[in-house]
Q: 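Take a look at the following structure, please.
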There are 2 protein chains.
Amino acid sequence: MASHSACGIYTCFSIVLMPLLITPLCDGGKVLVFPVDGSHWINMKIMIEELHARGHSIKVIRPSTSWYIKEESPLYDSITIPENIALQNFLQIFLDDYIKAQREGVSSFTFLKLTWQFLSMLSVAHSMNCDMLAQIFHDESLIQSLLDAQYDLVLTDPAISTGIVLAKYLNIPTVLNVRWISSGDGLFAIAPSPLSYVPVPGSGLTDNMSFMERLKNMFFYSLVVFQERFMVGPCYKAICHKHIQGGCDTISLLQEADIWLFRSDFVFDFPRPTMPNVVYIGGFQCKPAQPLLPDLEDFVESAGEHGVIIMTLGTYVKALPNDIAEEIASVFAKMPQKVIWRHIGQRPSTLGNNTLIVDWMPQKDLLGHPQIKVFVAHGGTNGVQEAIYHGVPVLGIPLFFDQFDNLLRLQERGAGKIINLADVNSHSFDQGLKEVLHQDSYRHNMQRLSRLHRDQPIAPLDHAIFWMEYVMRHKGAAHLRTEAYRMPWYIYYSIDVLVTLLVAVTFFVLSTFIMFRFLCCRGRTSKVKQH
Amino acid sequence: MASHSACGIYTCFSIVLMPLLITPLCDGGKVLVFPVDGSHWINMKIMIEELHARGHSIKVIRPSTSWYIKEESPLYDSITIPENIALQNFLQIFLDDYIKAQREGVSSFTFLKLTWQFLSMLSVAHSMNCDMLAQIFHDESLIQSLLDAQYDLVLTDPAISTGIVLAKYLNIPTVLNVRWISSGDGLFAIAPSPLSYVPVPGSGLTDNMSFMERLKNMFFYSLVVFQERFMVGPCYKAICHKHIQGGCDTISLLQEADIWLFRSDFVFDFPRPTMPNVVYIGGFQCKPAQPLLPDLEDFVESAGEHGVIIMTLGTYVKALPNDIAEEIASVFAKMPQKVIWRHIGQRPSTLGNNTLIVDWMPQKDLLGHPQIKVFVAHGGTNGVQEAIYHGVPVLGIPLFFDQFDNLLRLQERGAGKIINLADVNSHSFDQGLKEVLHQDSYRHNMQRLSRLHRDQPIAPLDHAIFWMEYVMRHKGAAHLRTEAYRMPWYIYYSIDVLVTLLVAVTFFVLSTFIMFRFLCCRGRTSKVKQH
């Protein structure tokens with residue numbers, strides 16, 4: 001276990017094992033953080049807390065309309081960039097529409113419409129972030145202050161590319177805190193990803209695909225490339241062209257990053273090729289459960305041997321469509337279990353006495369409580385990782401983004417079950433819930449995942465901090481990063497070499513053929529002459 | 001730091017960080033070891049020592065003619081398989097010839113001859129090991145005792161495939177302790193390895209190649225495939241066919257292994273794609289230096305400010321050709337430094353008073369002594385890793401196997417210099433030695449590598465042990481391993497999908513073309529009719 005806090009002379013940047021030649025950097029580093037709002041911020045904040053606890057000073061760049069990232073905090077100083085429209089409102093409208101469309105059932109036409117809506121939403125969101133980036137570059141005194149501050153590290157979530165462009169301009173070593181990026185799974189940009197067994201994010205596929213599924217995977221890959229080339233990349237590229245010598249594009253900026261802290265691991269994800277500078281920190285936010293508040297504890301304990309079901313569909317969903325809420329409430333009402341349901345909106349008329357509706361719940365602490373039998377969840381990365389950590393099986397109702405893919409990974413391992421939003425009714429929900437509750441295999445498989453996840457040589461958060469401090473100590477980690485991304489594609493794929501070999505072989509075969517033909521003809525001609 | 005020794009209840013298989021759900025396996029595991037002789041055994045023995053210290057019981061399978069692996073040891077029990085010819089003698093003849101041929105200078109003809117000799121040697125060596133494997137399968141009581149013993153783990157070095165075939169037969173989780181395997185670098189068999197930036201072992205190339213170098217890399221790759229298909233693989237395949245249901249081949253057996261403990265890291269090696277079940281443990285054998293024996297310490301200290309040069313060309317070279325030894329000795333004699341030279345064979349007539357000739361030297365402890373200025377070495381993996389650990393620059397004279405490639409990695413980073421055997425004379429050796437001694441960049445670069453190498457979140461040996469115990473705890477690590485290797489090549493490379501898409505597009509284009517032509521012709525025909 002990396003015990004960074006108890007190692008004498010190397011207090012802040014200690015290596016317990018092999019300290020002989022390490023230059024300690026004990027004054028604390030200066031970290032510039034460019035986060036992404038929403039659930040992404042929840043993760044980033046945990047890293048900031050840990051960096052702060054280890055004596056680093058942190059500056060956070062946030063938009064004025066941010067809904068999670070506070071301007072003032074004991075953990076960090078902030079720089080606020082004025083923004084006119086809140087991404088939140090804009091996203092909320094899209095998400096409500098998206099849920100409605102899904103509820104109507106996904107025909108081919110709806111699927112195409114949803115995909116196009118999603119791409120358009122992404123494009124607008126990135127365009128808003130490009131405006132923010134342009135504002136930063138426009139503010140000369142801000143840029144000068146960022147240059148003068150001489151940060152040791154940029155820590156950024158590349159779901160929005162603003163941070164990596166700024167890091168390039170400031171020429172500061174960069175660490176990515178990454179799950180998905182604009183152009184799909186970050187690993188497609190960095191490590192070879194054979195489409196035969198690496199499912200594209202959003203495709204809803206596993207690593208074991210039929211022929212038709214591999215066709216679908218290829219289609220999704222084309223979509224990812226299209227999205228990056230035509231809907232996300234161009235606005236950043238224009239800013240790069242204007243402000244950064246030699247220009248840049250978002251994909252190569254990602255590939256230039258020193259370390260990728262990937263919020264996943266291979267207990268959760270399917271095995272696939274990776275690179276030496278990708279560090280897997282899935283579940284880094286998980287901690288042993290804290291005791292519940294007395295009221296909640298009483299409610300949980302009152303369930304007795306039947307235990308408790310908890311349900312939340314995440315922070316993005318303000319209100320479930322009424323019909324679904326009614327159906328779900330009626331199923332809960334008939335269960336012998338107690339239920340804690342994070343539900344915002346109209347109180348369902350079918351609600352039973354056993355169901356406690358809350359605005360917010362201490363999800364991590366509840367998941368760690370031995371009384372919790374099933375977690376009904378939307379499949380956000382954080383919730384799924386916490387369910388794995390605590391070994392609680394999941395009944396999943398995926399809504400958008402990576403949620404279906406996340407839940408699929410649990411379902412594939414027999415540790416969870418998916419019901420699509422279009423299929424949710426009292427019958428399907430009742431069946432699904434009882435299946436996950438009563439079939440022991442769900443709990444056993446989830447507990448197996450939990451054992452595997454917890455069995456690591458170093459805690460994921462310690463691992464994350466180690467690599468951030470490593471990058472500060474050594475001013476980057478270029479030796480862990482391949483420079484192959486700088487190659488043109490025909491060199492990367494050895495096309496030039498293969499074509500040369502093909503030409504050489506063809507030339508050899510042809511010239512041999514011509515020579516033989518010539519010799520043969522000459523033979524015949526002389527025979528003819530002899531005759 | 002994984003402090004396995006001080007963690008209460010999970011004494012032997014402890015995880016300090018997240019012990020909640022881990023099933024302890026405290027009786028100690030049963031490990032069956034199938035090692036490779038020579039310098040490979042030095043590495044394996046360190047792992048065995050550590051496993052033994054942690055309470056595991058170990059059984060080693062060795063040939064009767066082994067020159068390093070003792071039959072009796074306090075660390076392990078052994079099973080001895082009778083062998084008629086010692087691989088050692090056979091290898092020695094080849095190596096002596098190989099050195100002689102190199103000394104004569106490497107013309108294209110010599111190069112081809114050497115390559116062929118090398119391949120033939122490999123083929124014979126593997127054929128001897130196949131005989132040993134056949135003997136094991138022939139001995140029914142031995143096989144039964146191996147089955148009865150119910151080992152928890154097979155630990156094997158796949159430079160010789162005997163261990164992986166046996167592990168498959170016994171159906172035991174397998175960990176590979178691997179540097180190079182018969183078919184070249186193990187990673188070519190497991191992770192995607194684009195030939196544009198991943199140099200094939202033995203090619204003498206870096207990750208930054210010109211067009212001609214990439215052609216050369218392709219040639220070496222073909223050689224590796226040829227070697228595996230026609231010279232190494234067949235004899236094991238025949239045994240697989242006879243004894244293992246469904247048959248097997250050495251490459252897929254490697255791909256089936258649970259964990260690869262790779263004796264390298266990316267401070268030493270060029271960055272490249274890797275897989276989740278590959279653990280990098282380069283330099284795991286390195287330890288802080290122990291004090292020298294008084295006589296040797298006196299000799300080292302007597303060098304004063306000039307310091308000491310140490311030289312060894314490894315265990316395989318019994319005697320350097322006399323002319324080279326004379327040239328080297330004459331250069332050493334003129335240096336103000338003291339020299340410690342591990343030299344077997346005739347004492348050079350040009351030897352100076354400053355040079356101490358020894359049969360054996362405490363290489364690790366000397367490299368860690370502050371008086372040592374340069375390490376003259378052949379470039380074996382162990383020596384190079386120890387030089388990196390202690391930050392001592394290297395003057396390399398590569399002889400065979402991976403030695404040139406190893407030294408090239410140091411040279412590329414400005415931490416070492418290579419002189420080929422053919423070029424060694426008093427002038428070149430004198431120049432090379434003085435360059436590495438007096439150009440500060442060599443020492444600075446090597447010390448930078450040392451700092452990077454030592455800066456790891458967990459010591460490589462602890463990492464290795466963690467993963468071996470992990471495999472025992474969880475009865476394998478299948479979730480970290482892709483099953484993609486089971487796909488036929490045309491599926492793996494998505495050829496079937498691409499051909500289908502190509503046919504579909506062609507059909508679409510052609511039918512559109514025909515339709516337009518038809519419409520167009522009809523138009524014309526009606527016009528003609530109207531006229």
Side-chain angles (χ1 to χ4, degrees), chain A residues 1-3 15-23 191-192 194-197 207-208 211 214-215 218 266-267 270-277 280 288 391 447 450-459 462-463 466 470 473-474 479-484 487 491-494 496-498 500-501, chain B residues 1-3 15-23 191-192 194-197 207-208 211 214-215 218 266-267 270-277 280 288 391 447 450-452 454-459 462-463 466-467 470 473-474 479-484 487 491-494 496-498 500-501:
Chain A
M1 178 174 149
S3 167
I15 307 303
V16 184
L17 292 170
M18 303 187 281
L20 200 63
L21 288 175
I22 290 165
T23 319
L195 288 173
S196 51
Y197 70 97
D207 61 345
N208 187 4
F211 175 76
R214 288 186 292 110
L215 256 175
M218 187 72 83
F266 295 105
V267 172
F270 302 121
R272 51 150 298 147
T274 173
M275 291 300 278
N277 62 337
Y280 291 84
Q447 291 194 335
S450 184
R451 281 195 298 278
L452 291 171
H453 169 74
R454 284 164 176 251
D455 197 356
Q456 297 186 42
I458 174 170
D462 285 337
H463 216 185
F466 174 85
Y470 182 97
R473 272 196 293 278
H474 301 290
H479 64 289
L480 298 177
R481 176 183 74 200
T482 170
E483 298 293 305
M487 292 174 175
I491 291 186
Y492 181 92
Y493 292 108
S494 296
D496 56 344
V497 169
L498 290 171
T500 306
L501 288 176
Chain B
M1 179 174 149
S3 166
I15 307 303
V16 183
L17 293 171
M18 304 188 279
L20 201 62
L21 288 175
I22 288 163
T23 318
L195 288 173
S196 51
Y197 69 98
D207 60 345
N208 186 5
F211 175 77
R214 287 184 294 112
L215 258 175
M218 187 73 81
F266 295 106
V267 171
F270 303 120
R272 51 150 296 148
T274 172
M275 290 302 277
N277 61 338
Y280 291 84
Q447 290 192 338
S450 184
R451 279 195 299 278
L452 291 171
R454 284 164 176 251
D455 197 355
Q456 297 187 44
I458 175 168
D462 284 337
H463 215 186
F466 173 85
W467 286 106
Y470 182 98
R473 269 196 294 279
H474 303 289
H479 63 289
L480 298 177
R481 174 184 74 198
T482 172
E483 298 291 308
M487 293 173 173
I491 291 186
Y492 182 92
Y493 292 108
S494 295
D496 56 345
V497 170
L498 291 171
T500 305
L501 288 176

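Remember, predicted model here, so these are calculated numbers, not experimental data. Throughout, protein chains are lettered first and strands after them, A, B, ... in sequence-line order, and every chain is numbered starting at 1.
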Q: Heavy atoms only, distances under 4.5 angstrom: which of A:S494, A:P288, A:A191 has the most pairs with chain B? Name it, please.
A: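 The option with the most such pairs is A:S494.
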
Q: Would you verify whether the NZ or CZ of B:R454 falls within 45 degrees of the ring axis of A:Y470 while also being under 6.0 Å from that six-membered ring's centre?
A: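 Verdict for A:Y470: no cation-pi partner in B:R454.
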
Q: Of the backbone (N, CA, C, O) and the side chain (C-beta and beyond), which part of B:L501 lies under 4.5 Å from a heavy atom of chain A, both, or neither?
A: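 Only the side chain of B:L501 comes within 4.5 Å of chain A.
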
Q: If I measure from the heavy atoms of chain A, does B:P273 come under 4.5 Å with its side chain, its backbone, both, or neither?
A: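 Both backbone and side chain.
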
Q: Evaluate ring-ring contact (aromatic ring centres under 6.0 Å, His included) for B:Y197 paired with B:F270, printing each intermediate quantity in order.
A: CA-CA 9 Å; B:Y197 69 98; B:F270 303 120; over 10 Å; no

Q: Which one wins on heavy-atom pair count under 4.5 Å against chain B: A:L195, A:D496, A:D207?
A: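 Of the options given, most contacts go to A:D496.
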
Q: Looking at every non-hydrogen atom in both residues, tell me the closest pair between B:P192 and B:M275 and how far apart they are.
A: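 Looking at all heavy atoms of both residues, the closest pair is CD-SD, 4.4 Å.
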
Q: With only heavy atoms counted, which part of B:M487 is less than 4.5 Å from chain A, the side chain, the backbone, both or neither?
A: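 Side chain of B:M487 only, per the 4.5 Å heavy-atom cut-off to chain A.
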
Q: Could you check whether A:D455 pairs with B:R473 (Lys NZ or Arg NE/NH1/NH2 to Asp/Glu carboxylate O, under 4.0 Å)?
A: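 B:R473 and A:D455: salt-bridged.
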
Q: Among A:P271, A:A484, A:P194, who wins on heavy-atom pairs under 4.5 Å with chain B?
A: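 Option with the greatest count: A:P271.
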
Q: Among all residues two or more places apart in sequence or in another chain, which pass the salt bridge (charged side-chain N to carboxylate O under 4.0 Å, His left out) test with A:R481?
A: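 If we apply the salt bridge (charged side-chain N to carboxylate O under 4.0 Å, His left out) test to A:R481, skipping adjacent residues, the hits are A:D258, A:E483.
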
Q: Between A:T500, A:T482, A:L498, which residue shows the highest count of heavy-atom pairs closer than 4.5 Å to chain B?
A: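 Option with the greatest count: A:T482.
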
Q: Between OH of B:Y280 and OG1 of B:T274, what distance do you get to the nearest 0.5 Å?
A: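 The OH atom of B:Y280 sits 3.0 Å away from the OG1 atom of B:T274.
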
